[in-house]
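Let me begin by presenting the structure, written as structure tokens, before commenting on it.
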Number of protein chains: 2
Amino acid sequence: MSESVKVAAADTPLSDLAPDVFSAQCESRGVLEHVVSRWGVLVLAALLDQGTQRFSALRRRIGGVSEKMLAQTLQTLERDGMLVREAKPVVPPHVEYTLTPLGEQAARQVWALARWTGEHLPEVLAARAAYDTRRNGTA
Amino acid sequence: MSESVKVAAADTPLSDLAPDVFSAQCESRGVLEHVVSRWGVLVLAALLDQGTQRFSALRRRIGGVSEKMLAQTLQTLERDGMLVREAKPVVPPHVEYTLTPLGEQAARQVWALARWTGEHLPEVLAARAAYDTRRNGTA
DNA sequence: CAGCATCCCCGCTGATACTG
DNA sequence: CAGTATCAGCGGGGATGCTG
């Protein structure tokens with residue numbers, strides 16, 4: 001795979017590119033869910049940010065993950081080819097996780113999205129306030 | 001909207017841009033979840049693809065949504081300022097939904113991500129096969 | 001240290017039925 | 001047509017405890 005992520009060539013009719021996303025059993029939907037899942041986003045982001053890291057480093061980095069969910073998320077992403085797990089055969093186990101090129105592409109996209117939401121949070125918050133006012137009456 | 005969504009400017013240290021995404025109570029995480037939720041993605045995509053649409057049109061378009069989930073999703077996205085709901089006061093109710101500029105930006109990003117996963121599905125599937133073999137099969 | 005197994009809860013989700 | 005209300009089921013996700 002190359003390097004740039006190539007996004008937003010959205011003048012092409014959307015339905016031509018992926019007509020099936022709207023169908024209930026679209027397989028790529030599952031992949032997307034993994035990638036944008038609660039912890040998936042953060043694992044990818046952390047790995048993109050800091051590069052190769054061990055389990056405990058990730059756990060410390062990502063506020064609020066349980067061991068279970070971290071392990072589960074890592075497994076899923078490994079299975080999807082987004083990252084590589086390398087277990088060094090030493091006495092205190094030492095396992096490192098690294099993004100694959102594929103995973104890096106995903107991570108960049110996800111990260112961009114996360115950053116975008118962060119940047120536009122004020123607008124969202126304003127919209128919410130307006131909406132709530134409209135509903136609850138005077139407020 | 002201008003043209004490109006500007007993604008993958010990831011040479012900037014990630015943590016500088018949004019240090020708080022990793023904290024458990026990051027507000028933008030919620031917005032992200034709404035946007036990339038199962039039906040959120042599809043609603044945004046449908047609206048980006050076809051423009052303003054009514055409730056029933058969306059329902060028909062998006063395979064497998066229940067009325068409840070569609071209504072819920074639309075409400076959430078409206079509250080977040082991603083789309084506008086316009087109810088025409090006619091006897092058989094007629095309600096139209098349209099993306100806001102903000103929502104259109106979101107939709108493009110989400111759509112790009114969806115498309116990316118679609119394009120790279122073969123790689124993911126291959127990775128999965130390899131992973132499963134490593135675990136069950138010959139391994 | 002890494003991570004699997006178990007238990008358990010609650011929130012998302014869908015099916016059904018009712019209203020404006 | 002476009003919702004809201006209610007109920008029931010399933011699975012995500014956390015806490016705990018145990019292994020290599």
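Quantities reported herein were computed from a predicted structural model and do not represent experimental measurements. Each chain gets a letter, A, B and so on, in the order the sequences are listed, and its residues count up from 1.
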Side chain B:Gln50, main chain B:Leu48, donor-acceptor under 3.5 Å: no
Any donor-acceptor N/O pair, A:Arg59 side chain to A:Val65 backbone, under 3.5 Å: yes
A:Gln53 CD to C:dA2 C1', straight-line distance once rounded to whole Å: 16 Å
Nucleic acid footprint by protein, nucleotides 4-13 of chain D - heavy-atom cut-off 4.0 Å, B for base, S for sugar-phosphate alone: B-B------B
Between D:dG3 (P) and B:Leu58 (CG): distance, integer Å: 10 Å
Residues which pass side-chain contact (heavy atoms from CB on, under 4.5 Å) with A:Val84, listed by chain and number, not counting sequence neighbours: A:Thr100
Separation of atom NZ in B:Lys88 from atom P in D:dG3, rounded to whole Å: 14 Å
A:Arg108/A:Glu104 ion pair, N-O < 4.0 Å: yes
A:Leu70 CG - C:dC1 C1' separation (whole Å): 13 Å
Check: B:Arg128 and A:Asp80 side chains under 4.5 Å, non-hydrogen atoms: yes
Between D:dC1 (C1') and B:Arg85 (CZ): distance, integer Å: 12 Å
side-chain contact (heavy atoms from CB on, under 4.5 Å) partners of A:Glu123, counting only residues at least two apart: A:His120, B:Leu102
